[in-house]
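Take a look at the structure below.
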Amino acid sequence: MDDVEIAWNYDAFKYPPCISCETGVYKPDVVFFGENMRSNVRDKSYQMVEDANHMLIVGSSLQVYSSFRLLKLAKQLGHKVAALNLGEFRGMEMVDLWVNESSDKILPEVARVLQTKINT
């Protein structure tokens, strides 16, 4: 089962070669559309949601089922979920709070408030 339905054929996609080592490829340690999450990453993400009290989604369409599944798990566990996302996203009817704003405008203030609370 694919993680997400996509119209473009990613099988033909070639990662650019690393110009330093000439044997590897440039690829960040992320899950691209059409790829599956590594099992250790999946298991760790489930554990993190289970250990949390709340969830904050930042800048994700949740179109990849691996990420959408984490939202579903959080709600099954009774967690409050907030989303900071420009525009609509998959599962938005499940979140308790949606801030339709750019994360680069909001997150610095969130970090400042949290730092103030930690220091008091």
Side-chain angles (χ1 to χ4, degrees):
M1 179 173 130
D2 289 331
D3 200 33
V4 65
E5 291 184 26
I6 50 177
W8 192 68
N9 182 0
Y10 280 87
D11 294 335
F13 182 78
K14 302 288 185 221
Y15 294 107
C18 176
I19 58 175
S20 294
C21 70
E22 298 182 6
T23 59
V25 295
Y26 285 120
K27 182 183 182 297
D29 191 16
V30 297
V31 178
F32 286 128
F33 285 104
E35 293 180 336
N36 289 316
M37 188 184 291
R38 292 189 317 270
S39 60
N40 64 319
V41 173
R42 180 199 60 225
D43 295 346
K44 176 72 174 179
S45 65
Y46 290 165
Q47 188 62 54
M48 291 174 77
V49 172
E50 290 170 1
D51 292 345
N53 295 316
H54 310 291
M55 175 184 273
L56 174 62
I57 300 165
V58 179
S60 177
S61 65
L62 299 182
Q63 289 302 310
V64 175
Y65 195 76
S66 299
S67 58
F68 179 61
R69 185 181 294 133
L70 298 175
L71 168 59
K72 290 177 62 174
L73 175 60
K75 293 310 293 181
Q76 288 169 356
L77 294 170
H79 297 345
K80 296 288 186 187
V81 178
L84 171 56
N85 199 64
L86 273 175
E88 296 182 358
F89 54 94
R90 182 181 192 179
M92 62 186 293
E93 70 283 351
M94 299 169 68
V95 302
D96 300 287
L97 173 67
W98 171 34
V99 179
N100 187 15
E101 186 61 71
S102 176
S103 62
D104 65 334
K105 293 181 180 177
I106 301 295
L107 287 181
E109 180 63 16
V110 170
R112 188 191 67 72
V113 168
L114 289 175
Q115 189 61 45
T116 300
K117 289 186 179 282
I118 289 171
N119 291 333
T120 57

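Values below: every heavy atom of this structure, side chains too, minus hydrogens, waters and symmetry copies. Counting begins at 1 with the first residue of the sequence.
- Only one option out of Leu70, Asn85, Leu71, Leu84 pairs with Ile57 in a side-chain contact (heavy atoms from CB on, under 4.5 Å); it is Leu71.
- Following chains of ILVMFWY side-chain contacts shorter than 4.5 Å, one cannot reach Leu62 starting from Leu56, and the two form parts of different hydrophobic clusters.
- Here the closest non-hydrogen pair linking Ser103 and Pro108 is O-CD, 3.9 Å.
- Enclosure of atom CD in Glu93 by more than 12 non-hydrogen atoms of other residues, nucleotides or ligands within 6.0 angstrom is indicated.
- Looking only at distances, a side-chain donor or acceptor of Asp96 sits under 3.5 Å from a matching main-chain atom of Val81.
- Atom CE of Met94 sits in a crowded spot, with more than 12 heavy atoms from other residues, nucleotides or ligands closer than 6.0 Å.
- Considering only heavy atoms from C-beta on, Arg69 comes within 4.5 Å of Tyr46 through its side chain.
- Between Arg38 and Asp43, no side-chain nitrogen of the basic residue sits less than 4.0 Å from a carboxylate oxygen of the acidic one, so the salt-bridge criterion is not met.
- Side-chain atoms of Lys75 come within 3.5 Å of backbone atoms of His79 as a donor-acceptor pair (strictly under, hydrogens ignored).
- Summarising the geometry of Phe89 relative to Ala83, their closest heavy-atom pair is CZ-CB, 3.5 Å, with the distance given to 0.1 Å.
- Criterion: ILVMFWY side-chain heavy atoms under 4.5 Å apart, direct or through other members. Under it, Met48 and Leu114 are not part of a common hydrophobic cluster.
- The structure places NZ of Lys80 at 12.5 Å from CG of Asn53, a figure rounded to the nearest 0.5 Å.
- Val58 and Val110 fall within the same hydrophobic cluster, where Ile, Leu, Val, Met, Phe, Trp and Tyr residues are linked whenever their side-chain heavy atoms come under 4.5 Å apart, directly or through other members.
- Looking at Ser45 and Met37, their side chains come closer than 4.5 Å, going by heavy atoms from C-beta outward.
- Hydrophobic clustering (side-chain heavy atoms under 4.5 Å, transitive across Ile, Leu, Val, Met, Phe, Trp, Tyr) groups Ile106 together with Leu97.
- Atom NZ of Lys72 sits about 13.0 Å away from atom CG of Leu77, to the nearest 0.5 Å.
- No chain of hydrophobic side-chain contacts below 4.5 Å, direct or via other Ile, Leu, Val, Met, Phe, Trp or Tyr residues, connects Met55 to Val99.
- For the pair Arg90 (side chain) and Ser61 (backbone), a donor-acceptor distance under 3.5 Å is absent.
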